Amino acid sequence: MLACLVLSACATKKVQNQMQGDVYTGKDTVEYLASGVPDRVFFATNESVLTTASRDTLRKQAEWLRKNSKVNVVLEGHADERGTREYNLALGERRANAAKDYLMTYGISANRISVISYGKERPVDSGSNPLAWSKNRRSVTVKAN
Amino acid sequence: MIKKITQLIILIILSTTQSFALIEVDITRGNLEPLPVAVSPLSSDKKTNDKLVKELKIENIGDKISEVVENNLKNSGLFNPLNKDAFLQKPDIAHLKPRFEDWSLIKAQALITGKVTLNNEKLRVEFRLWDVLAAKEMMALAFTTVPSNWRRIGHIITDKVYERLTGEKGYFDTRIIYVAEDGPKTKRIKKLAIMDQDGSNTKYLTLGNELVLTPRFNPTNQMVTYLSYFRNLPRVYLLDIETGVQEVVGDFPGMTFAPRFSPDGKKIIMSFAMDGNSDIYTMNLENRIVERITNHPSIDTSPSYSPDGKFICFNSDRSGYQQIYVMKKDGTNVKRISFGKGLYGTPVWSPRGDLIAFTKLHKGKFYIGVMRTDGSGERLLTENYYQEAPSWSPNGRVLIFYRETKTDSEGKGFSAKLWSIDLTGYNERMVKTESDASDPSWSSLLSN
């Protein structure tokens, strides 16, 4: 009984450590464009606003893109499974464009960036729980060449 | 690609004694008391049977057609087909002159009989509908068609019986186009698939090489518009089902999605997303002229025309959250109509014109519901973990939609299935598909 309680408390704490509000802050699914340059940013439910952490990540991406001026990128926008398919396609597009706009304000030319939305079609975590959904609400920067 | 949808079916009205509607099915209250009906196997002679076994490998075609009818009637929720074991009269004799006292003994109120013959390679099917209590014939019809069309004959018979007994058009000689799904949730393989309304005759229209979503029929059921990620460019496509020819709809510099036909089939209405903003556009398929219908920095999507083509309902988050709006076909007079608690999406106008079906998300549950076109009279028909995207049967009586299951902590146990529910909220049932399925769209009646 006690062990059970301790375990569940640990599990809760772990989830809390990986989310701020309902935005994912963990590293589980994150890949790196280069050392110290995470490839993705995460969003709150129904939101496309960039968090402080997301802006930090995108500044690192912009810096890396400036150094690697031959590289073009695709920004892949995604939504979680808790929305209608068509709306989520639009939401994914909006999220990827939020990331694109930020990269552009840090000097990356629009013609180096393309955008695609997958809506809820390509989750990284197949779970049906708030943590899984938070990992799936994302914009991922992928090298295009 | 697949067989012609409109294969010729010749319909002959047999001489029938004029009678008034004596039995009637009240369809406004759902399936509280489904009408007991006896579907006698259709009789067929030995010569016909032998030939059909040899040519089509179909045994007992009379039984098979009556099973199609029986299954349709049962699935409608309005009829209760009686167990054939209790039938006393032989099919051929019943078709000539039913002994009504035998049929009323087993509590049948309506009786369907019929006869199948093969003439010059053509299948001739006649059937009669009888009012058991009044001891009268209500209807008599015959159809001639190619033998391979036998299932459709069963559907057409059901439509005729349904119409005679309810006073409304049926929805049985129809098809469903949908997305067949396979594979793990993170890498789903999706194909366009088409099947008869009862789940038989499934055909696949794409191979699964690219992601495809949200197929919808045009009014003549010959064309389908859908979203394809061909070459990783999500665009609205138009597919001719008979020829298999497909083309991109319009030349947009970004994602187009959420397509539907106008009621006259001449336009496709859809969303176009650019720079983080989705608006609604139409393209005229005759002259290729593109018109912008909404112009708002919010997400505008899931447009659907009213059956007279004068109005459009759509989904927008211009209030801050997903809600349902109605506007004139030119984009003027935009009015929000959903004001209940929660988020609203996927509005779709009823073919009767009086209702809009929708998906609602409230407190972590998904609902399929209907409301009047001014937003009043909201009624939620079904609640579940996840379900969305209702599509109307052509008579506006039944909604088909898809439902996904919750996965466990390891991400296992996911499934997506088609379900249907009566407008009254009764008769919720899973629609059988060969694989997992989503995004169903109901065709109009194939024969009229």
Side-chain angles (χ1 to χ4, degrees), chain A residues 8 11 14-15 22 29 45-50 74-102 104 110-111 113-133 135-136 139 142 144, chain B residues 179 184-188 190 211 213-214 227 229 232-234 254-255 257-259 270-271 273-279 298-303 314-317 320-322 343-346 358-361 364 366 385-386 388-389 402 404-414 438-439:
Chain A
S8 71
K14 194 177 166 216
V15 168
D22 71 348
T29 56
T45 302
N46 264 321
E47 286 291 345
S48 56
V49 176
L50 299 170
V74 182
L75 303 188
E76 299 178 346
H78 299 268
D80 66 33
E81 65 180 7
R82 305 302 286 162
T84 56
R85 195 184 308 287
E86 292 178 334
Y87 183 81
N88 276 357
L89 286 169
L91 186 57
E93 205 263 351
R94 199 190 246 173
R95 284 175 176 160
N97 271 289
K100 178 183 171 179
D101 287 347
Y102 199 77
M104 283 167 67
N111 57 28
I113 310 168
S114 54
V115 157
I116 186 169
S117 172
Y118 287 99
K120 61 171 183 166
E121 305 304 316
R122 290 287 177 262
V124 284
D125 189 322
S126 51
S128 295
N129 56 70
L131 180 61
W133 299 329
K135 291 180 200 168
N136 293 334
S139 171
V142 178
Chain B
V179 172
K185 202 172 166 185
T186 50
K187 290 182 224 162
R188 234 23 194 168
K190 298 197 174 191
L211 182 62
L213 303 169
T214 63
L227 172 60
Y229 277 70
N232 250 355
L233 295 171
M255 175 172 72
F257 61 109
M270 64 200 148
S271 285
M274 186 71 192
D275 299 333
N277 177 32
S278 297
D279 279 316
S298 64
I299 290 173
D300 293 343
T301 190
S302 301
F314 67 104
N315 197 197
S316 176
D317 65 358
Y321 294 97
Q322 263 181 290
L343 308 184
Y344 292 78
T346 75
F358 57 83
T359 306
K360 173 173 169 143
L361 166 58
F366 281 78
Y385 169 72
Y386 187 86
E388 69 144 323
Y402 80 93
E404 290 176 351
T405 53
K406 194 173 181 168
T407 56
D408 62 19
S409 55
E410 285 161 6
K412 295 204 170 71
F414 179 72
S438 61
D439 291 358

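As the structure is a prediction and not an experimental result, all values here were calculated from the model. Letters A, B, ... are given to chains in the order of the sequence lines, protein chains preceding strands, and every chain is numbered from 1.
Between the side chain of Thr405(B) and the main chain of Gly413(B), a donor-acceptor pair closer than 3.5 Å is present.
The candidate with the highest count of non-hydrogen atom pairs below 4.5 Å against chain B, out of Glu81(A), Arg94(A), Arg122(A), is Arg94(A). Chain A forms the most heavy-atom pairs under 4.5 Å with one residue out of Leu361(B), Leu233(B), Leu213(B), Leu343(B), and that residue is Leu213(B). Counting heavy-atom pairs under 4.5 Å between each of Tyr321(B), Tyr385(B), Phe257(B) and chain A puts Tyr385(B) at the top. Contact count versus chain A (heavy atoms, under 4.5 Å) is highest, among Ser278(B), Ala273(B), Ala389(B), Gly345(B), for Ala273(B).
For Tyr402(B), the part lying near chain A is the side chain, with the backbone staying farther off; criterion is any non-hydrogen pair under 4.5 Å. Phe366(B) touches chain A through its side chain: at least one heavy atom from C-beta onward sits under 4.5 Å away, while N, CA, C and O do not. Interface remark: Val115(A) contributes no atoms to any contact with chain B (heavy atom separation under 4.5 Å). For chain B, the nearby part of Ile116(A) is the side chain; its heavy atoms alone come within less than 4.5 Å. Neither the backbone nor the side chain of Asp300(B) comes within contact range of chain A; no heavy atoms are under 4.5 Å apart. Residue contact with chain A, scored on non-hydrogen atoms closer than 4.5 Å, involves the side chain of Lys190(B) exclusively. Heavy-atom distances place both the backbone and the side chain of Ile299(B) under 4.5 Å from chain A.
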The test is side-chain contact (heavy atoms from CB on, under 4.5 Å); show your working for Lys120(A) and Tyr87(A) and say whether it passes. CA-CA 10 Å; Lys120(A) 61 171 183 166; Tyr87(A) 183 81; over 6 Å; no
Could you check Glu93(A) against Leu89(A) for side-chain contact (heavy atoms from CB on, under 4.5 Å), going step by step and ending with a plain yes or no? CA-CA 6 Å; Glu93(A) 205 263 351; Leu89(A) 286 169; over 6 Å; no
Please walk me through it: do Glu76(A) and Ser114(A) pass side-chain contact (heavy atoms from CB on, under 4.5 Å)? CA-CA 9 Å; Glu76(A) 299 178 346; Ser114(A) 54; over 6 Å; no
Given Thr84(A) and Thr359(B), is the side-chain hydrogen bond (donor to acceptor under 3.5 Å, both in side chains) satisfied, shown in steps? CA-CA 8 Å; Thr84(A) 56; Thr359(B) 306; over 6 Å; no
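Of the N and O atoms on the side chains of Ser298(B) and Ser316(B), at least one donor lies less than 3.5 Å from an acceptor on the other residue. In this structure, a donor-acceptor pair under 3.5 Å is absent between the side chains of Asp439(B) and Thr214(B).
A side-chain hydrogen bond (donor to acceptor under 3.5 Å, both in side chains) with Gln322(B) holds for exactly one of Asp317(B), Thr301(B), Asn315(B), Thr346(B); it is Asn315(B).
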